2 protein chains.
Amino acid sequence: MGEENVKKKNALVPEPALRRMPCYLAYLKLEHRKGSQYVSSTLIARDNGVDPTQVTKDLSYTGISGKTRVGYEVEPLIDALEDFLGFRVMDEAYLFGAGSLGTALLHDHGLVQYGLKIVGAFDVNPLVIGHSIGGISIAHIDEFVKNKDHGIKIGILTTPVANAREVANMMVANGIKAIWNFTPVRITSPEGVVVQNTSLYAHLAVMFNRLNAAGSDDSVAPAKK
Amino acid sequence: MGEENVKKKNALVPEPALRRMPCYLAYLKLEHRKGSQYVSSTLIARDNGVDPTQVTKDLSYTGISGKTRVGYEVEPLIDALEDFLGFRVMDEAYLFGAGSLGTALLHDHGLVQYGLKIVGAFDVNPLVIGHSIGGISIAHIDEFVKNKDHGIKIGILTTPVANAREVANMMVANGIKAIWNFTPVRITSPEGVVVQNTSLYAHLAVMFNRLNAAGSDDSVAPAKK
DNA sequence: TGATATTAAGGAATTGTTTCTTTAATCAAA
DNA sequence: TTTGATTAAAGAAACAATTCCTTAATATCA
Ligand SMILES: NC(=O)c1ccc[n+]([C@@H]2O[C@H](COP(=O)([O-])OP(=O)(O)OC[C@H]3O[C@@H](n4cnc5c(N)ncnc54)[C@H](O)[C@@H]3O)[C@@H](O)[C@H]2O)c1
Ligand SMILES: NC(=O)c1ccc[n+]([C@@H]2O[C@H](COP(=O)([O-])OP(=O)(O)OC[C@H]3O[C@@H](n4cnc5c(N)ncnc54)[C@H](O)[C@@H]3O)[C@@H](O)[C@H]2O)c1
């Protein structure tokens, strides 16, 4: 079965589905290491606390299909997921704001496995400029503006809240097409530019709320049954 | 102010709404510093790229209400949001896995402003045990298990994927009530325990997908109009 | 003082996502 | 070969979230 495979890959995959996929991937890699050749959606669902039909729906976006009564072949599924999620082509990125969070990301070697390689970092603080963190040297942000032909499409935003918007605009003005925004400031995407907001504080807020709800109200059901 | 304040705080606030609130908060703090006394939902909406009615709906969960034709009083709204989000009571947390990501979080001084204080860290690597990162000393994980009366409810999970589940179970077995999970492994919440999954790779996946969709398909609309 | 425009808030309609149900396929065992 | 159990996949229904629409209030300005 293959010809009728719909090509709506980039039509409009639901964001919740996209967010679940890396979790399936991590799970499948663990199963692969354990020696599993096939994994059924039922099993994936049970081990990850989601609905079995949701697993199949999510996985169907990758274009791969499972075998009835057997499940999915682990290796091709890992390949398909990594392919679909864009983890196999290495995207290069610049980082803006080499403070505590930025330093952490520069130190991280995990991101490369997921298709992101930080190839440069910029700051305005003389104390960090010229130094090298995790093998990436920090330059003054003017150096970024000067070099128009960098060819880098992705910018990671980890500056203080106060100038996040300003730096974001500057990034866009100099060719950045996707902003991975770690500040709690919601960047308004300037036309055709992708903004991915990743505020840790947002997650903190959700966690506190659920924790308080669980403690003070007996009738509160857990997020997933 | 207070008596008429509805007590349905922990009824069931939608997660998307909770996630937007810290962003409003950051915005309001900036406005406050600029000297604004009142801010309307219209303005918040425009500056943050969301729908005005969504702003009012989101803010209504805090119990505060705005003035017709004027908007919201900035200071009380900041207070109400911080209160509602649990950023004003300081919660103490332990961190498990002082690797590159864990180190970053230990270095972070921003979290304290949002009500989270890391008061201890555990690892199994002899190279890091005994050392101090960001003022927090790293102990062997056995020390955590030994001390049952820690009184800490929140655990931050930043171990490798391979033993994330195992460490999570151990956390729960020793009194942890909320797990802030940074690994891509989806932890199945063991009954009454809150799990907040914060996988950076999930966000990366969404960003790559949107970036590729924007590049290869002309008809794709931006996430928000 | 009165008209007008702006705003918050509540409810209705829409949209998107998840869950449920059914169907078809096929592996394993009798 | 036949039966039964398990699974993926596709469509329907249910649910949740967002957007739209209406109403009521009130500052501003004529
Ligand atoms: N630290 C965390 O764990 C954490 C967690 C969640 C969110 N955040 C957010 O991430 C952002 C960064 O946090 P942080 O703790 O790393 O702050 P930080 O102050 O340690 O780092 C900010 C860095 O940005 C640099 N910078 C300032 N202006 C700049 C400019 N115009 N161009 C380039 N660089 C500039 C500063 O010199 C500094 O090195 C903040 O918005 C914070 O709210 C941080
Ligand atoms: N580094 C990043 O930027 C990044 C980004 C996204 C997600 N993650 C995820 O976060 C997790 C940690 O990433 P990392 O890059 O910090 O890895 P890392 O290997 O640098 O750190 C993991 C740490 O956990 C410790 N550890 C191992 N087993 C342990 C146990 N049983 N109990 C306590 N500690 C134990 C290790 O000694 C090590 O210090 C991984 O699951 C990774 O996928 C990391």
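These figures come from a predicted structure and were not determined experimentally. Below, read A as the first sequence line, B as the second, and so on, with proteins coming before strands; counting in each chain starts at 1.
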Problem set entry | Any B/Tyr72 side-chain nitrogen or oxygen under 4.0 Å from OP1 or OP2 of C/dA9 | yes
Exercise. In whole angstrom, what separates B/Glu73's CD from C/dT7's P?
Worked result: 17 Å
Problem set entry | Side-chain N,O (A/Ser65) to OP1/OP2 (D/dA9) below 4.0 Å | yes
Seminar exercise, completed: Which of D/dA8, C/dT7, D/dT19 is nearest the side chain of A/Ser40? It is D/dA8
Exercise. Going by an N to O cut-off under 4.0 Å, is there a salt bridge joining B/Asp47 and A/Arg165?
Worked result: no
For this session: Specify the separation, in whole Å, of atom CG of B/Leu18 and atom C1' of D/dA17.
Result: 13 Å
For this session: Give a yes or no on whether a salt bridge exists between A/Lys57 and A/Asp51, defined as a side-chain N under 4.0 angstrom from a carboxylate O.
Result: no
Seminar exercise, completed: Between CG of A/Asp51 and C1' of D/dA13 the distance, given in whole Å, is 14 Å
Seminar exercise, completed: By nearest-heavy-atom nucleotide on DNA chain D, the more 5' of A/Thr68 and B/Arg69 is A/Thr68
For this session: Whole angstrom is fine here: how far is it from NZ in A/Lys67 over to C1' in C/dA28?
Result: 16 Å
For this session: Ignoring backbone atoms, test whether B/Arg20 places a side-chain nitrogen or oxygen under 4.0 Å from the OP1 or OP2 oxygen of D/dT18.
Result: yes
Problem set entry | Under-4.0 Å side-chain N/O to phosphate OP1/OP2 contact, B/Gln54 with D/dT19 | yes
Exercise. What's the closest nucleotide to the B/Ser41 side chain, out of D/dA27, D/dG4, C/dT7?
Worked result: C/dT7
Problem set entry | Residues B/Glu92, B/Lys117: salt bridge by 4.0 Å N-O rule | no
For this session: Give a yes/no answer on whether the side chain of A/Thr53 brings an N or O atom under 4.0 Å of OP1 or OP2 in C/dT19.
Result: no
Exercise. B/Tyr38 has an atom OH; how far is it from atom P of C/dA8, in whole Å?
Worked result: 12 Å
Problem set entry | Nearest heavy-atom neighbours spanning A/Pro22 and B/Ala202 | CG-CA, 3.7 Å
Exercise. Using 4.0 Å as the upper bound for N to carboxylate O, is an ion pair formed by B/Glu75 and B/Lys29?
Worked result: no
For this session: Measure the distance from CG on A/Asp58 to P on C/dT18 and round it to the nearest whole Å.
Result: 7 Å
Exercise. Quick one: A/Glu15 CD to C/dT17 P, roughly how many Å, whole number?
Worked result: 9 Å
Exercise. Out of C/dC27, C/dT6, D/dA25, which has the shortest distance to the side chain of A/Val70?
Worked result: C/dC27
For this session: Could you check how far NZ of A/Lys57 sits from P of D/dA9, rounded to whole Å?
Result: 11 Å
